Amino acid sequence: MAEAPRDIENLIELMAKLPGLGPRSARRAVLYLIRKRALVLAPLSDAMQVVAATARECLTCGNVGTTDICDICASEKRATGELCVVEDVADLWAMERAGVFKGRYHVLGGTLSALDSVGPEDLGIPRLVQRVVDDAITEVILALNATVDGQTTAHYIAEELEGRCAVTSLAQGVPIGGELDYLDDGTISAALNARKAV
Amino acid sequence: MEWRDQGALLSVRKHGETSAIIEVFTAEHGRHAGVVRGGVSRKIAPILQPGAQLDLSWRARLEEHIGSFTVEPVKSRAAILSDRAALAGLNAVCALLCFALPEREAHPTLYARTIAMLDLLGQNEAWPVAYLKWELSLLEDMGFGLDLSRCAVTGEREDLAYVSPKSGRAVSAEGAGDWAERLLPLPPELLGVGTGDAANVVEGLHTTGHFLTRWLAHSLGDKPLPEARARLVDRLKRAVT
């Protein structure tokens, strides 16, 4: 069987590197794009070129946008005195999709990890502390993952911010739609500890 | 090759898009790594938290391969996530075991003491003392046990107050004499007695830390001790001041 022309093979190889795609699914995706050239391929190509040229991290919070200061940091309406700390940009976007948080964000870029030699300096925690002081933040909400690394990082940040502002964290427990029988005992334990009056 | 055992999870890292590589400390196979297929899935990820007790089946085509684990949860220790000091203790135990233990070498005594230690975390006020004793066990199992049974100078078993930083042997107040300032403290908690006083525990950790650094870490090429241990000591010091 004849191989695809070199340029198309090259595109397939690049697509195959995307998360969730392997060589077979990349071939299917490329064939689809070629069939929908005007409708999908051309606009996709244009959009990718624009993003490649303009995408950058916000200098203040670490969010991904197309300007040096992202829309959230630039908006005066978001200056509520609340700062939500997240591990990465995907978490920030998840919080924004929920639409309930109206303050600003700070993206750490990971968690403290002894194994991977990630320390407080690597996560910009001193910069976070300075930002709390400079921006007169009244509450820091730690929206970090409910994992050992995430909570270790949360405790460290809480200690660094002690006395500077209120520090809170997201609740942990039974997810919406969750059935007790399918939950792990760590989640059940955390939910029981965090119970409240009805 | 295959075996089945129980163990405590020491570390987990993502491998590819869907899998995880875990390190566990088991009763019969020591510290052992393996791949957990689908380890980052929503179903399995909550089980794979450091400190968790797991039922493990390991398979590999050849013994020297990293192999793969199938895991079932036995006990979660995630309840301590909200307890700052206990979480620091968990991190220190896992980090020190990853640091010190050679791979695939059984240490059944240390394993039993480690599980007892992990079960105590956050359960009562006495766990820092148990942690201190655990560090002594770690030193002993690695071949660097301290001899705190009698004074190295006088031979007496009473009034032991110091530890020689060179020999790791106990020294009484009388035996220390003018050398007291050069010796390490020996709080009663290191001898298995005492009230569990927080300040004494911190003193004890200063002593065990000396030998962890000078003996254990030195034997491993002078690698620095894990940062997690320093954070635990710092946390316990803050509780005292």
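Every value quoted in this text rests on a predicted model; they were computed, and no experiment measured them. To find a chain, count down the sequence lines: A is the first, B the second, and so on, and within it residues start at 1.
- Applying the 6.0 Å contact sphere to CZ of B/Arg104 captures more than 12 heavy atoms from other residues, nucleotides or ligands.
- Only the side chain of A/Tyr156 comes within less than 4.5 Å of a heavy atom in chain B; its backbone stays farther off.
- Here the CZ atom belonging to B/Arg77 is positioned 10.5 Å from the CG atom belonging to A/Asp185, to the nearest 0.5 angstrom.
- For A/Trp93, the CH2 atom sits in a loose shell: 12 or fewer heavy atoms of surrounding residues, nucleotides or ligands are nearer than 6.0 Å.
- For NE2 of B/His218, the number of neighbouring non-hydrogen atoms (other residues, nucleotides, ligands) closer than 6.0 Å is 12 at most.
- Side chain to side chain, A/Asp184 and B/Ser76 fail the donor-acceptor criterion of an N or O pair below 3.5 Å.
- Residue contact with chain A, scored on non-hydrogen atoms closer than 4.5 Å, involves the side chain of B/Arg235 exclusively.
- Across all non-hydrogen atoms, the minimal contact from A/Ala158 to B/Arg84 is CB-NH2, 3.6 Å.
- Note that the CD atom of A/Gln151 and the CG atom of B/Leu87 stand 7.5 Å from one another [nearest 0.5 Å].
- With a 4.5 Å cut-off on non-hydrogen atoms, B/Pro226 does not touch chain A at all.
- When the shell of 6.0 Å around CD of B/Glu72 is examined, it contains 12 or fewer heavy atoms from other residues, nucleotides or ligands.
- Here A/Gly20 is the residue among A/Ala190, A/Ala194, A/Gly20 with the most heavy-atom pairs under 4.5 Å with chain B.
- Taking both residues in full, the closest heavy atoms of B/Ala78 and A/Gly186 are given as CB-CA, 4.0 Å, listed atom of the first, atom of the second, then distance.
- Heavy-atom contacts from other residues, nucleotides or ligands closer than 6.0 Å to CD of A/Glu121 number 12 or fewer.
- At most 12 non-hydrogen atoms from other residues, nucleotides or ligands lie less than 6.0 angstrom from CG of A/Asp71.
- Other residues, nucleotides and ligands contribute at most 12 non-hydrogen atoms within 6.0 Å of the NE2 atom of B/His15.
- If you measure heavy-atom distances from B/Lys75 to chain A, the contacts under 4.5 Å come from the backbone alone.
- Not a single donor-acceptor pair under 3.5 Å links the side chain of B/Gln49 to the backbone N or O of A/Thr147.
- Going from atom CD of A/Glu162 over to atom CZ of B/Arg238 covers 7.0 Å, rounded to the nearest 0.5 Å.
- A/Leu112 CG to B/Arg231 CZ: the interatomic distance, rounded to the nearest 0.5 Å, is 5.0 Å.
- The nearest pair of heavy atoms linking B/Glu17 to A/Pro19 is OE2-CA, 3.3 Å.
- Heavy atoms from other residues, nucleotides or ligands lying under 6.0 Å from NZ of B/Lys223 number more than 12.
- B/Leu81 and A/Gln172 get closest at one heavy-atom pair: CD1-OE1, 4.4 Å.
- No part of B/Ile80 comes within reach of chain A, as not one of its non-hydrogen atoms sits under 4.5 angstrom from that chain.
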